[in-house]
Amino acid sequence: MAPDWLRFFLYTNQTSSLIYYSLLSKMADDKENKKIGLKTTLDMVVEGCRLPVKMSILPNEEEEWPLAEILSRKEEKGKLEFYVHYIDFNKRLDEWVLPDRLRVEELQFPKKDQKTPQKQNSSAANSRPTTPDRELQDKKTTVDRSESDSPSPSLLSKKLSLPEQSSPAAKLGGQGQTPQSQTKSNAGRKRKAIFLDEKQDLPPAYCNSLLSQDSQDAPATPQPSAPPQQPRQTGSMSSSHDENIITRIKNIETIELGKYRIKPWYFSPYPPELTTISIVYICEFCLKYVKSRKCLERHRTKCTLRHPPGNEIYRKSTISFFEIDGRKNKMYSQNLCLLAKLFLDHKTLYYDTDPFLFYVMTEYDIKGFHIVGFFSKEKESTEDYNVACILTLPPYQRKGYGKLLIEFSYELSKFEGKTGSPEKPLSDLGLLSYRSYWSQTILEILVNLKPENGERPQITINEICELTSIRKEDVISTLQHLNLINYYKGQYIITLSQESIDTHNRAMAKRKIRIDAKCLHWTPKDWAKRGKW
């Protein structure tokens with residue numbers, strides 16, 4: 001028989017083991033329950049929900065958890081991801097995130113949309129309550145649209161082009177149009193005016209690839225009902241213009257252009273097979289897109305271009321500008337517009353490039369002329385717009401190239417002997433660039449004014465417009481923005497403080513590159529006298 005002390009030791013050890021295994025079992029159950037609870041919570045995170053999301057930041061920066069809206073969710077290879085839009089941030093920051101970046105305990109479910117009487121006209125999409133004034137305005141808008149048989153020039157000039165090689169729309173030509181769309185395409189000028197959203201035989205991915213500028217940019221057309229898996233069109237997805245649920249989500253992950261790999265900001269209707277790969281490879285000279293590096297290397301052996309097609313009309317140092325006719329170089333123009341759409345959200349892709357001229361800025365080295373940015377303009381603009389679309393590619397931003405593009409567009413207007421203005425609306429970065437250029441250009445003239453006969457220098461708004469080719473409305477708005485124009489003793493005067501002069505001098509010292517008019521070899525063409533573009 002075992003001694004008492006040994007029996008006590010065995011009993012105590014056995015009790016401790018039971019307690020230990022009981023605790024392990026309880027911890028395993030708690031962990032499993034927590035995992036099940038988390039999965040249940042993630043199942044409740046659906047399109048339209050809002051919750052704090054950890055923002056992608058640099059390593060040395062502090063963590064930020066801004067409020068974000070869930071636009072879509074997907075599960076691939078057992079991995080769940082959510083596409084989020086950060087509230088009060090630009091759409092270019094939208095991204096796919098993993099569940100560990102969601103603060104699910106602060107989940108906000110989508111609010112039910114208030115039921116409002118639905119109108120039969122295009123204002124039915126607006127969720128705001130109607131008022132007599134608003135209803136009258138909507139009726140007036142409907143009447144104005146019904147009286148117009150052809151697309152307005154300002155509408156046409158807001159459109160970017162869609163490549164024929166990548167879109168069934170280009171192959172269909174005029175097939176699948178309704179009688180109304182055929183009437184519109186034949187009216188007005190002798191050129192194609194085919195809106196992709198009027199084609200009935202196209203896949204939804206292409207039918208929905210057009211973004212409206214605002215409610216008056218395109219005729220209201222019935223949209224197909226969206227599948228339940230797609231993002232909803234309420235909350236942050238609604239704005240002053242109709243947005244398409246497909247174009248709300250970036251479809252290209254990364255592009256490789258020359259020596260740069262760039263993450264796109266927005267949706268662009270590239271072929272569907274390119275949206276499933278991690279990198280889209282683009283030839284930096286002809287802008288042809290392929291799906292692998294081997295395809296790109298094979299293409300380079302055949303591609304003879306070392307500069308954009310078209311005429312070189314400006315060269316100074318390593319900077320050159322090429323003028324490209326959208327009718328003569330359709331494929332390049334369409335590829336250029338597809339590339340631009342990756343970084344522009346406020347423009348709409350358009351099928352026809354014939355009415356446009358493209359001015360591509362390049363930087364030269366021993367390998368060739370590398371694209372830096374571009375702007376397009378209408379051959380005939382009834383509103384005297386000198387820019388329809390303008391873009392500096394992300395690797396070349398914040399280097400002064402944006403202002404150089406703007407300065408070149410106004411230099412062309414000076415050669416044409418008229419004032420010009422960019423098409424509206426401008427993007428957030430475009431507005432900043434134009435406002436900065438207008439301010440520096442106008443202040444440069446005011447600072448260099450010399451007094452005559454001992455009196456203070458005088459200049460009129462019209463004289464400023466003639467010297468700069470900036471439209472009068474833009475000159476006045478810039479002077480008001482700078483608080484330089486004041487009403488004094490029955491007349492408007494410009495008050496220039498020493499602080500404004502010092503700020504201007506510092507800004508001008510940073511502009512290393514300027515357009516030299518002597519290096520521009522270009523003759524304006526009167527496109528109105530030409531039967532065909």
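The figures that follow rest on heavy atoms only: side chains count, while hydrogens, waters and symmetry mates do not. Along the sequence shown, the residues carry numbers beginning at 1.
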Q) Taking only residues two or more places apart in sequence or in another chain, which ones pass ring-ring contact (aromatic ring centres under 6.0 Å, His included) with Y488? A) none

Q.
Do L484 and T495 have side chains that approach each other closer than 4.5 Å (heavy atoms only, starting at C-beta)?
A. no

Q.
For K91 and R248: C-alpha separation, side-chain torsions, deciding distance, then whether side chain to side chain contact (heavy atoms under 4.5 Å, CB included) applies.
A. CA-CA 9 Å; K91 270 171 49 177; R248 191 66 178 87; 2.9 Å; yes

Q. Side chains of M361 and S320: does their closest heavy-atom pair fall under 4.5 Å?
A. no

Side-chain polar contacts of residues 441-449 - donor-acceptor pairs under 3.5 angstrom, sequence neighbours left out - could you list them?
unit_1, atom_1, unit_2, atom_2, d
T441, OG1, Y437, O, 2.8
N448, ND2, E444, O, 2.9

**Q.** Minimal non-hydrogen separation, M55 against P66, with atom names
**A.** SD-CG, 4.0 Å

Q: Indicate yes or no for a side-chain donor-acceptor contact from K424 to the backbone of P422 under 3.5 Å, with no hydrogens or angles considered.
A: yes

Q | D325 bridged to K379 by N-O distance under 4.0 Å | A | yes

**Q.** Within-4.5 Å side-chain heavy-atom neighbours: N90 and D428
**A.** yes

Q | Results of salt bridge (Lys or Arg N to Asp or Glu O under 4.0 Å) for D474 - residues two or more places apart only | A | none

Q: Look at the side chain of Y260 and the backbone N and O of I255, then say whether any donor-acceptor pair between them is shorter than 3.5 Å.
A: no

Q | Atom pair OG1 (T478) and CD1 (I470), whose distance is rounded to the nearest 0.5 Å | A | 6.5 Å

Q | Modelled atom types, side-chain donor and acceptor of Y401 and E363, under 3.5 Å | A | yes

Q. Going from CH2 on W438 to OG on S477, what distance comes out if it is rounded to the nearest 0.5 angstrom?
A. 5.5 Å

(Q) I want to check something: taking the side chain as every heavy atom from C-beta on, are H521 and I313 in contact at a cut-off of under 4.5 Å? (A) no

Q.
I need the single residue from W522, F369, F408 that forms a ring pair (Phe, Tyr, Trp, His ring centres under 6.0 Å) with F322. Which is it?
A. F369

(Q) Please check: side-chain N/O of K341 versus main-chain N/O of F267, any donor-acceptor pairing under 3.5 Å? (A) yes

Q) Heavy-atom distance under 4.5 Å between the side chains of V372 and V360, does that happen here? A) no

Q. Do Y270 and Y289 have ring centres separated by under 6.0 Å?
A. yes

Which side-chain N or O atoms in residues 459-466 pair as donor and acceptor under 3.5 Å with protein atoms at least two apart or in another chain?
unit_1, atom_1, unit_2, atom_2, d
T460, OG1, E463, N, 3.2
N462, OD1, K472, NZ, 3.3
E463, OE1, T460, N, 3.1

**Q.** Minimum-distance pair of heavy atoms, taken over all atoms of T468 and Y410
**A.** O-CD2, 3.9 Å

Q | Side chain to side chain, Y396 and H370, heavy atoms closer than 4.5 Å | A | yes

Q: Would you give the length of the straight line joining atom OG of S427 to atom CZ of F343, rounded to the nearest 0.5 angstrom?
A: 13.0 Å

Q: Specify whether F89 and Y86 have parallel, tilted or perpendicular ring planes, treating 30° as the upper limit for parallel and 60° as the lower limit for perpendicular.
A: perpendicular

Q | Between NE2 on residue H504 and CD on residue Q440, distance to nearest 0.5 Å | A | 7.0 Å

Q. How about R261 and I279: do any of their side-chain heavy atoms sit closer than 4.5 Å?
A. yes

Q) Between atom NZ of K518 and atom OH of Y314, what is the distance when rounded to the nearest 0.5 Å? A) 12.0 Å

Q.
For S333 versus I324, what's the shortest heavy-atom pair and its separation?
A. OG-CG2, 4.0 Å

Q: Would you mind reporting whether W265 and P394 have side-chain heavy atoms less than 4.5 Å apart?
A: yes

(Q) Can a side-chain donor-acceptor contact be found between S433 and S436 if the only test is distance below 3.5 angstrom? (A) no

Q | Step-by-step side chain to side chain contact (heavy atoms under 4.5 Å, CB included) determination, T362 to H307 | A | CA-CA 8 Å; T362 63; H307 59 78; over 6 Å; no

Q. Closest heavy-atom contact between T254 and K263?
A. OG1-NZ, 3.7 Å

Q. Looking only at heavy atoms, which two atoms of I390 and I406 are closest? And how far apart?
A. CD1-CG1, 3.8 Å

Q.
If we ignore hydrogens and angles and just use 3.5 Å, is the side chain of S268 paired with the main-chain N or O of L338 as donor and acceptor?
A. yes

Q. Are any side-chain N or O atoms of K330 and backbone N or O atoms of D352, one a donor and one an acceptor, separated by less than 3.5 Å?
A. no

Q: Decide side chain to side chain contact (heavy atoms under 4.5 Å, CB included) for I501 and N505; before the verdict, give the C-alpha distance in whole Å, the side-chain angles of both, and the deciding distance to 0.1 Å.
A: CA-CA 6 Å; I501 296 175; N505 291 334; 3.6 Å; yes

Q | Donor-acceptor under 3.5 Å (E256 side chain, I282 main chain) | A | no

Q | Contacts of Y359 that satisfy side chain to side chain donor-acceptor pair (under 3.5 Å) - sequence neighbours left out | A | E323

Q) Above 12 or not: heavy atoms from other molecules or residues under 6.0 Å from OH of Y492? A) no

Q. Which heavy atom in N386 sits nearest to a heavy atom in K377, and how many Å separate them?
A. O-CB, 3.5 Å

(Q) Would the distance check show the side chain of K250 and the main-chain N or O of R92 forming a donor-acceptor pair, the cut-off being under 3.5 Å? (A) yes

Q. Distance from E284 atom CD to I371 atom CD1, nearest 0.5 Å?
A. 9.5 Å

Q) After noting the C-alpha distance and the side-chain angles of S421 and D384, does the key distance pass the side chain to side chain contact (heavy atoms under 4.5 Å, CB included) rule? A) CA-CA 7 Å; S421 180; D384 286 335; over 6 Å; no

Q. Please, which pairs that meet salt bridge (Lys or Arg N to Asp or Glu O under 4.0 Å) have at least one residue in residues 492-512, sequence neighbours excluded?
A. E407-R511

Q) Is there a donor-acceptor pair closer than 3.5 Å between any side-chain N or O of T353 and the backbone N or O of G326? A) yes

